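Notes follow the structure.
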2 protein chains.
Amino acid sequence: MSTIVDRLRNSGIQPTPQRIAVAEFVLNTAAHPTADEVWTHVRARCPTISRATVYNTLNLFAEKGLLKPQPLREGVVVFDPHVKPHHHFIDEDTGKVIDVPWEALRVRGEKSLEGFEVREYQVVMRGKRRK
Amino acid sequence: MSTIVDRLRNSGIQPTPQRIAVAEFVLNTAAHPTADEVWTHVRARCPTISRATVYNTLNLFAEKGLLKPQPLREGVVVFDPHVKPHHHFIDEDTGKVIDVPWEALRVRGEKSLEGFEVREYQVVMRGKRRK
DNA sequence: GTTCGTGCAAACGGTTTGCAACAAT
DNA sequence: ATTGTTGCAAACCGTTTGCACGAAC
């Protein structure tokens, strides 16, 4: 089992207290938080951390491949620690973004698109959660 | 053949000169422009139009179903006059958004997702255009 | 004359940047 | 000493809003 500190070191990131605090939250959530939501959560444990540090840290994590920024909602970027291919469902009532496993859907035809070299793709669904 | 003015009237929109100018550009382009790109283009024909009017007009068109705002790029909304279901390809070099016909891809499994009522979906692809 | 649309400028929310202080090597 | 990291404030960019003027019914 690799600790958060190990994961940062393995990605070439110096594990400062601020970065560890951000990582502990954002790498272990499925909530697809925005940068400001990360800031709010992390301040509970690390009250002196600034917005700038949170933004810089999230961008650093994204550069190093620990996070994938997803432009799924209008006007904000959400951060997803689930970096392997998968799909997304967006709840129209709450705006919540929910992961859908890669194997849950099958897409055909993307390899035979003339003129396009598809490097990655995902299905983005919108609708309502059934209770 | 329905003119732009007819299309606006049919959607319950008063066809002012500014709205016609915006409509002539944005309803006839496949370029997926941002609001500011629309403003730049429209000012060539209608130099006194303000940013606010362009933003208000685009939002009005979207409300009336003439345009669909798409959160496909980070930090901006792009407007798509192609309102029927289709997919999108995003060129990683240029950032350009390109429509992919609905029939070009086949998706299976979205109806049998437990707990999700999928109202709409699209495949979002990223990669490079082949020359 | 009331309603609706426009233009301007200010405000706003999310994000980035410049910089000085600080920590680690 | 050098390099990297933080916090603060200011700047920035895309977008919305308040308001007064003007046009249309």
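Note that these values count all heavy atoms, side chains included, but never hydrogens, waters or copies made by symmetry. Nothing here was measured: the structure is a model prediction, and the numbers come from that model. Sequence lines set the chain letters: A, B, ... in the order given, protein chains first and strands last, and positions in each chain run from 1.
Looking at A:Glu24 and A:Arg45, a side-chain N of the basic residue comes within less than 4.0 Å of a carboxylate O on the acidic one, giving a salt bridge. Using a cutoff of 4.0 Å between basic side-chain nitrogens and carboxylate oxygens, B:Arg129 and A:Glu117 are not scored as salt-bridged. Of the charged side-chain nitrogens involved, none lies within less than 4.0 Å of a carboxylate oxygen, so that A:Arg126 and A:Asp91 do not count as a salt-bridged pair.
Between A:Glu74 atom CD and C:dG13 atom P there is a gap of 17 Å when expressed in whole angstrom units. A straight line from CD1 of A:Ile49 to P of C:dA23 spans 16 Å, rounded to a whole angstrom. Here the C1' atom of nucleotide D:dT17 and the CZ atom of B:Arg51 are 15 Å apart, to the nearest Å. A:Leu58 places its CG atom 14 Å from the P atom of C:dG14, with the value rounded to the nearest Å. Atom-to-atom, CG of A:Leu60 to P of D:dG4 comes out at 12 Å; the value is rounded to the nearest Å. In this structure, B:Asn56 places its CG atom 8 Å from P of C:dT6, rounding to the nearest Å. Atom CZ in B:Arg9 sits roughly 13 Å away from atom P in D:dA24 (whole-Å rounding). With rounding to whole Å, B:Arg73 atom CZ is found 12 Å from D:dG14 atom C1'.
Among the nucleotides D:dG7, C:dT15, D:dT5, the one closest to any side-chain atom of A:Arg19 is D:dT5. Of all nucleotides listed (C:dG7, D:dT15, D:dG7), D:dT15 comes nearest to the side chain of B:Asp36. Among the nucleotides C:dT16, D:dC8, C:dG7, the one closest to the side chain of A:Asn59 is C:dT16. Listed nucleotides: C:dT15, D:dT15, C:dG7. Nearest to the side chain of B:Val76: D:dT15.
Nearest-nucleotide mapping onto DNA chain D: of B:Thr34 and A:Ala52, the residue sitting toward the 5' end is A:Ala52.
Taking only side-chain nitrogens and oxygens, B:Gln14 never comes nearer than 4.0 Å to OP1 or OP2 of C:dT3. Regarding contacts with the backbone of D:dT15, a side-chain N or O of B:Tyr55 is found under 4.0 angstrom from either OP1 or OP2. Of the side-chain N and O atoms in B:Thr53, one or more sit less than 4.0 angstrom from OP1 or OP2 of C:dG7. Phosphate contact (OP1/OP2 of C:dT6, side-chain N/O of B:Thr48, threshold under 4.0 Å): absent.
No side-chain heavy atom of B:Trp102 sits less than 4.5 Å from a side-chain heavy atom of B:Lys84. B:Phe79 is not listed as a side-chain neighbour of B:Gln70, based on a closest heavy-atom distance of 4.5 Å or more.
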